[in-house]
Q: 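Before anything else, here's the structure in question.
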Amino acid sequence: MIITLPANFDMNANLGYLTREKNECMYEIESDIITKVIAIGEMQSLVQISVIDNQQMVVQFLNDSRPIEKWEREKIVTYIHEWFDLDNDLTPFYEMANSDPLLQIPAQKFYGLRVIGIPDLFEALCWGVLGQQINLAFAHTLKRQFVESFGDSIEWKSKKYWVFPPYERIAQLEPTDLAAIKMTVKKSEYIIGIARLMASGELSKDQLMNMNFKEAERSLIKIRGIGPWTANYVLMRCLRFQTAFPIDDVGLINSIKTLRNMNRKPTKEEILALSIPWKNWESYATFYLWRVLY
DNA sequence: GTCCAGGATGGGC
DNA sequence: GCCCATCATGGA
């Protein structure tokens with residue numbers, strides 16, 4: 001299966017992001033080939049993804065002798081488009097970034113990088129909650145323990161490829177069931193609460209996609225455990241609102257501090273002033289600035 | 001041993 | 001509305 005890639009796409013830049021953390025459990029990358037289970041509802045497909053000349057993405061189905069049906073191929077293609085933000089034309093972003101004092105260098109250094117998405121809403125929300133107020137390395141450890149405790153896996157060539165735990169399953173747990181994982185009791189409560197909202201139908205990606213940015217942000221922040229940072233993180237990486245802007249993010253703050261050679265952290269007001277030229281591209285600006293340090 | 005990490009909550013004022 | 005203690009563990 002072949003996916004034609006858009007302009008301004010560079011797989012090396014995207015692989016640079018995807019391989020920055022060795023302890024990632026949702027995919028594996030070896031020799032620039034991504035192996036991952038793409039799970040959508042009941043469907044679970046183990047695929048390998050590689051890119052030729054930044055022109056074509058090749059998707060191969062593994063561990064699956066049965067014929068792959070058309071609807072399944074279409075779902076996979078849609079998922080990959082969302083994952084790599086393939087339907088987005090980055091030309092205006094680069095035009096803006098090339099004259100921006102903060103973005104100029106990152107935009108050149110990471111040219112072709114997309115805001116790598118987390119198309120599954122529950123996975124995106126959990127990853128946001130897990131990452132609150134801890135370093136990224138520990139966040140990945142927590143995610144791995146959570147996924148390997150409650151997720152399914154597909155084995156291929158004696159390696160396991162994991163599926164993120166479905167919200168239906170997590171909705172039935174109690175915080176004590178998560179005690180073995182070294183996350184705070186509150187985070188356990190938040191994740192179970194989110195799973196229950198999704199299981200009851202009160203929270204879904206479709207509903208949020210039908211809202212404008214402010215409505216979606218408000219309805220996310222109303223949920224216990226989701227504050228401004230997590231809401232904007234999910235709006236950025238799952239719902240693909242380009243104006244999503246996790247301004248409280250410590251990584252963003254430290255990146256700006258480094259780029260501007262400051263001996264203190266920039267204030268929120270200073271970051272707001274710097275971000276005025278980024279209008280409608282705040283999420284891309286944030287993602288590129290993250291890459292400066294992480 | 002110290003400091004801080006891709007924050008959020010609930011309380012006091 | 002703003003400020004602050006608390007959560008609570010690992011990584012550097």
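Chain letters run A, B, ... following the sequence lines, proteins first and then strands; every chain starts at 1. As a basis for the values below, the full set of heavy atoms in this structure was taken, side chains included, without hydrogen atoms, waters or symmetry mates. Nothing here was measured: the structure is a model prediction, and the numbers come from that model.
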Q: What pairs meet the side-chain hydrogen bond (donor to acceptor under 3.5 Å, both in side chains) rule with one or both residues in residues 176-197 of chain A, with sequence neighbours excluded?
A: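 Every side-chain hydrogen bond (donor to acceptor under 3.5 Å, both in side chains) pair that includes a residue of residues 176-197 of chain A, provided the two are not neighbours, is A/E174-A/R196, A/E189-A/R224.
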Q: Does anything in residues 216-231 of chain A come within less than 4.0 Å of DNA chain B? Heavy atoms only, and list the residues if so.
A: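 Those residues whose heavy atoms fall under 4.0 Å from DNA chain B, taken from residues 216-231 of chain A in numerical order, are A/I223, A/R224, A/G225, A/I226, A/G227, A/P228, A/W229, A/T230.
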Q: What I want to check is whether the side chains of A/S283 and A/Q242 have a donor and an acceptor closer together than 3.5 Å.
A: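 Distance-only check fails for A/S283 and A/Q242.
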Q: With a 4.0 Å cut-off on heavy atoms, is A/Q132 in touch with a base, just the backbone sugar-phosphate, or nothing at all?
A: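 Sugar-phosphate only.
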Q: Among residues 183-198 of chain A, which ones have heavy-atom contacts with DNA chain C below 4.0 Å?
A: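 Heavy-atom cutoff 4.0 Å gives A/T184, A/V185, A/K186.
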Q: Which of residues 104-131 of chain A have a heavy atom under 4.0 Å from DNA chain B?
A: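 Residues of residues 104-131 of chain A under 4.0 Å from DNA chain B: A/G131.
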Q: Can you confirm whether the side chains of A/S275 and A/E282 place a donor and an acceptor under 3.5 Å from each other?
A: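 Checked: A/S275/A/E282 side chains show no N/O donor-acceptor pair below 3.5 Å.
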Q: Listed by chain and number, what are the side chain to side chain donor-acceptor pair (under 3.5 Å) partners of A/E74, not counting sequence neighbours?
A: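 A/E74 satisfies side chain to side chain donor-acceptor pair (under 3.5 Å) with no residue once adjacent residues are dropped.
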Q: Contacts to DNA chain C from residues 281-294 of chain A, heavy-atom cutoff under 4.0 Å, which residues?
A: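 Contacting residues: none.
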Q: Take A/V163 and A/Q44, measure what side-chain contact (heavy atoms from CB on, under 4.5 Å) needs, and give me the verdict at the end.
A: CA-CA 8 Å; A/V163 182; A/Q44 298 179 350; 3.8 Å; yes
Q: If the condition is side chain to side chain donor-acceptor pair (under 3.5 Å), which residues does A/Y94 pass it with, not counting sequence neighbours?
A: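 A/Y94 satisfies side chain to side chain donor-acceptor pair (under 3.5 Å) with A/Y288 only.
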Q: Got a sec, which residues hit side chain to side chain donor-acceptor pair (under 3.5 Å) with A/D100, two or more places apart in sequence or on another chain?
A: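 Only A/W278 meet the side chain to side chain donor-acceptor pair (under 3.5 Å) criterion with A/D100.
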Q: Through direct or indirect side-chain contacts below 4.5 angstrom among Ile, Leu, Val, Met, Phe, Trp and Tyr, which residues connect to A/I2?
A: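 Grouped by the 4.5 Å side-chain rule, A/I52, A/V58 form the rest of the cluster around A/I2.
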Q: Using a distance-only test with no angle check, is there a side-chain donor-acceptor pair under 3.5 angstrom linking A/D89 and A/T91?
A: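 Yes - a donor-acceptor pair under 3.5 Å links their side chains.
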Q: Enumerate all atom pairs, one protein N or O and one N or O from nucleotides 10-12 of chain C, separated by less than 3.5 Å.
A:
unit_1, atom_1, unit_2, atom_2, d
C/dG10, N2, A/N135, ND2, 3.2
C/dG11, O4', A/N135, ND2, 3.2

Q: Taking the six-membered ring where the residue is Trp, are the ring centres of A/Y27 and A/Y161 under 6.0 Å apart?
A: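 That pair fails the under 6.0 Å test.
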Q: Out of the candidates A/W281, A/Y111, A/F287, only one should pair with A/F93 under the ring-ring contact (aromatic ring centres under 6.0 Å, His included) rule; please name it.
A: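 Passing option: A/W281.
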Q: May I have the distance from A/D248 (atom CG) to B/dG7 (atom P), rounded to whole angstrom?
A: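 Going from CG in A/D248 over to P in B/dG7 covers 9 Å.
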Q: When you measure from the centre of the six-membered ring of A/W83, is the NZ or CZ of A/K36 under 6.0 Å away and within 45° of the axis?
A: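 Yes.
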Q: Taking only residues two or more places apart in sequence, or in another chain, which ones meet A/Q133 in a side chain to side chain donor-acceptor pair (under 3.5 Å)?
A: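 Side chain to side chain donor-acceptor pair (under 3.5 Å) check on A/Q133 returns nothing, list empty.
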Q: Reading 5' to 3' and counting Watson-Crick or G-U wobble pairs with both distances under 3.5 Å, write the dot-bracket notation for DNA chain C, | for bases paired outside the strand.
A: |||||||.||||
